[in-house]
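Working notes, structure below.
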There are 2 protein chains.
Amino acid sequence: MSKNQKKISEKTIERLSAYRRYLKDLLKKGKDRVYSHELSQIVSGTAAQVRRDLMEVGCNGCSSKGYEISLLIEEISKLLDCSDKQNIALIGVGNLGRALLGYFSGSRDNFDIVAAFDSDPGKSGRIICGRRCYDMEQLPAMLGELKINTAILAVPAESAEKVAQTLIESGIKAILNFAPRHITTGSGVFIETLDMTSALEKAIYFSRKNTQQRKST
Amino acid sequence: MSKNQKKISEKTIERLSAYRRYLKDLLKKGKDRVYSHELSQIVSGTAAQVRRDLMEVGCNGCSSKGYEISLLIEEISKLLDCSDKQNIALIGVGNLGRALLGYFSGSRDNFDIVAAFDSDPGKSGRIICGRRCYDMEQLPAMLGELKINTAILAVPAESAEKVAQTLIESGIKAILNFAPRHITTGSGVFIETLDMTSALEKAIYFSRKNTQQRKST
DNA sequence: CTAAAGTTGTGAAATATTGCACAGCGTGAT
DNA sequence: ATCACGCTGTGCAATATTTCACAACTTTAG
Ligand SMILES: NC(=O)c1ccc[n+]([C@@H]2O[C@H](COP(=O)([O-])OP(=O)(O)OC[C@H]3O[C@@H](n4cnc5c(N)ncnc54)[C@H](O)[C@@H]3O)[C@@H](O)[C@H]2O)c1
Ligand SMILES: NC(=O)c1ccc[n+]([C@@H]2O[C@H](COP(=O)([O-])OP(=O)(O)OC[C@H]3O[C@@H](n4cnc5c(N)ncnc54)[C@H](O)[C@@H]3O)[C@@H](O)[C@H]2O)c1
């Protein structure tokens, strides 16, 4: 019962998220069915890969007619989303943090950044992009109070590990880290580091090699 | 001659970039040698993986003493960097674009954002974060003039594909795309899409499954 | 000088991920 | 009713990536 599905790969989860976003677009445009080969284009994969991904959410496809978009969205959401809207915390309201706050706050229906934290007294206490910014001392209490278990980390690299440690001790379960620092954790906390500098240097590197296009997500 | 190494994987390139950044830190702190198991921690891999990565740049390791940091930085740079500093363009000077501009401009010695472009007349013509912002009409000419072959794309999703097409036609060789849209290209242009929303939804998903930590880059 | 400890370089095994190819099914045409 | 067509679901092959494991080498201790 607790083990209905064994394990879905990270790559698949990422693609499912991308599929869903695209499917919502399609739905808005009035489409109601979609084929795997159409979906495959938005992640530069093959149709077979899409079908395999969709198998993980319980196949809803129908031969010849493809997948029903609204049903697919529903099924993907059932897998990805929690029953209730997830509260997210943002740590570090600098240049990047503000951009993220403006981008993610309020616009989604499955999650929301409900609180921001910064060590700078000039920021905490204020309301930024419509969200209250708290002092770091209030972090442990607020995480519990707001039932936050995922955090976005956008503090300078030097502070990243220390802040991450605080987050983990406060019971956070996953961190999306933008600082160019690897976060180590003995516990079962999920850490995803988005390293923009490496990504850019990779792009620069491959701008010189004439590779075929690849990649996704 | 032209085919000195067959092919280095994207993952390896990303890690090499991360190693180098860390190695520069270590050097600044006065260290001069490093072991593979030390490097392995910053990408949450194994020591063997690090050694394998470093083999790609031509092994410089020495039994028992590890790798000489300055030499390693040199060798990685020889692989990753071009002989001359790479000029980068930023397209879309919105909330995210400005953060990126502030972050990447001027601080690196192997690349620099030398020009920004935006379709908004209120932005083009001005100087933002110390960089001139041009009108989109000037894009093709400027890319050639400044010898730019890598671009950062930070425009709204709706415009992303069209702008990417323009970039490719103007001769760009690689794009780091922040818009939540897959860019397709028949040509050999390298496209790297950083999808923050998928990354966040992935983090949220795994905050509920108690996985061991994984991932890097 | 010899042994012990610790590290590199790397073939080979183990995993993870992707792509192929085809059986089976629904649909629409005849 | 039958058939051709196009798409799904999936076993299996093909790749890609990571990890294991060990010989060879360097340094240090005795
Ligand atoms: N700006 C970008 O486009 C960009 C790009 C790639 C990576 N990053 C990374 O993202 C992170 C944030 O970048 P940024 O440009 O927003 O930096 P920033 O300096 O503008 O903002 C950092 C914020 O974190 C706060 N802070 C510092 N120490 C803290 C602590 N211990 N606890 C809580 N808050 C603390 C600061 O007060 C500040 O508001 C950095 O690690 C940076 O390397 C940023
Ligand atoms: N802000 C974030 O933190 C964040 C997070 C994840 C993804 N993104 C993505 O990054 C992109 C930029 O986000 P943003 O928040 O900076 O948006 P934004 O609206 O603040 O900025 C977009 C900028 O692009 C310019 N622009 C629009 N159409 C253009 C065109 N055709 N050619 C040139 N410039 C054009 C606009 O004038 C504006 O300056 C979006 O695709 C967004 O989905 C942003």
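So you know, we letter chains A, B, ... as the sequences are listed, proteins then strands, and number each from 1.
Comparing B:Cys59 and A:Ser9 by the nucleotide of DNA chain C that holds the closest heavy atom to each, the one mapping nearer the 5' end is B:Cys59. Closest-nucleotide positions on DNA chain C for A:Lys65 and A:Asp53 were compared, and the one nearer the 5' end corresponds to A:Asp53.
Under 4.0 angstrom from either OP1 or OP2 of C:dG9 there lies no side-chain N or O belonging to B:Arg51. Taking only side-chain nitrogens and oxygens, B:Ser36 comes nearer than 4.0 Å to OP1 or OP2 of C:dT8.
Taking atom CG of A:Leu39 as the reference point, atom C1' of C:dT18 lies 17 Å away to the nearest angstrom. To the nearest angstrom, P of D:dT10 lies 4 Å from CE of A:Met55. If you take CD of B:Glu10 and P of D:dT18, they are 12 Å apart, rounded to a whole angstrom. We find that CZ of A:Arg33 is positioned 13 Å from P of D:dC7, with the value rounded to whole Å. Remark: P of D:dG9 and OH of A:Tyr35 are 13 Å apart, rounded to the nearest angstrom. Rounded to a whole Å, the OH atom of A:Tyr67 is 13 Å from the C1' atom of C:dC25. Whole-Å rounding puts the A:Ile13 CD1 to C:dT17 C1' distance at 15 Å. Between A:Lys7 atom NZ and C:dT17 atom P the separation is 9 Å, expressed in whole Å.
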Practice task
Run the numbers on A:Tyr67 and A:Arg51 for side chain to side chain contact (heavy atoms under 4.5 Å, CB included), then give the verdict.
Solution key: CA-CA 10 Å; A:Tyr67 301 84; A:Arg51 293 199 295 272; 3.5 Å; yes

Handout entry: Stepwise salt bridge (Lys or Arg N to Asp or Glu O under 4.0 Å) test for B:Arg15 and B:Glu56
Key = CA-CA 12 Å; B:Arg15 284 191 297 262; B:Glu56 307 277 13; over 6 Å; no

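Out of C:dG11, C:dT8, D:dT10, the shortest distance to the side chain of B:Arg52 is found at C:dG11. Distance from the side chain of A:Ser63 is smallest to D:dT8 among D:dT8, D:dT19, D:dT18. For A:Gln49, whose side chain is taken as the heavy atoms from C-beta onward, the closest listed nucleotide among C:dG19, D:dT18, D:dT26 is C:dG19. Listed nucleotides: C:dT7, D:dT26, D:dG6. Nearest to the side chain of B:Ser64: D:dT26.
Using a 4.0 Å heavy-atom cutoff across all strands shown, A:Thr12 reaches no nucleic acid atom at all.
Relative to the six-membered ring of B:Phe117, B:Arg131 misses at least one condition, a distance below 6.0 Å or an angle of at most 45° to the axis.
Note on A:Lys78 versus A:Glu75: salt bridge recorded, some NZ/NE/NH1/NH2 to OD/OE distance being below 4.0 Å.
A donor-acceptor contact shorter than 3.5 Å is absent between the side chain of A:Ser17 and the backbone of A:Ile13.
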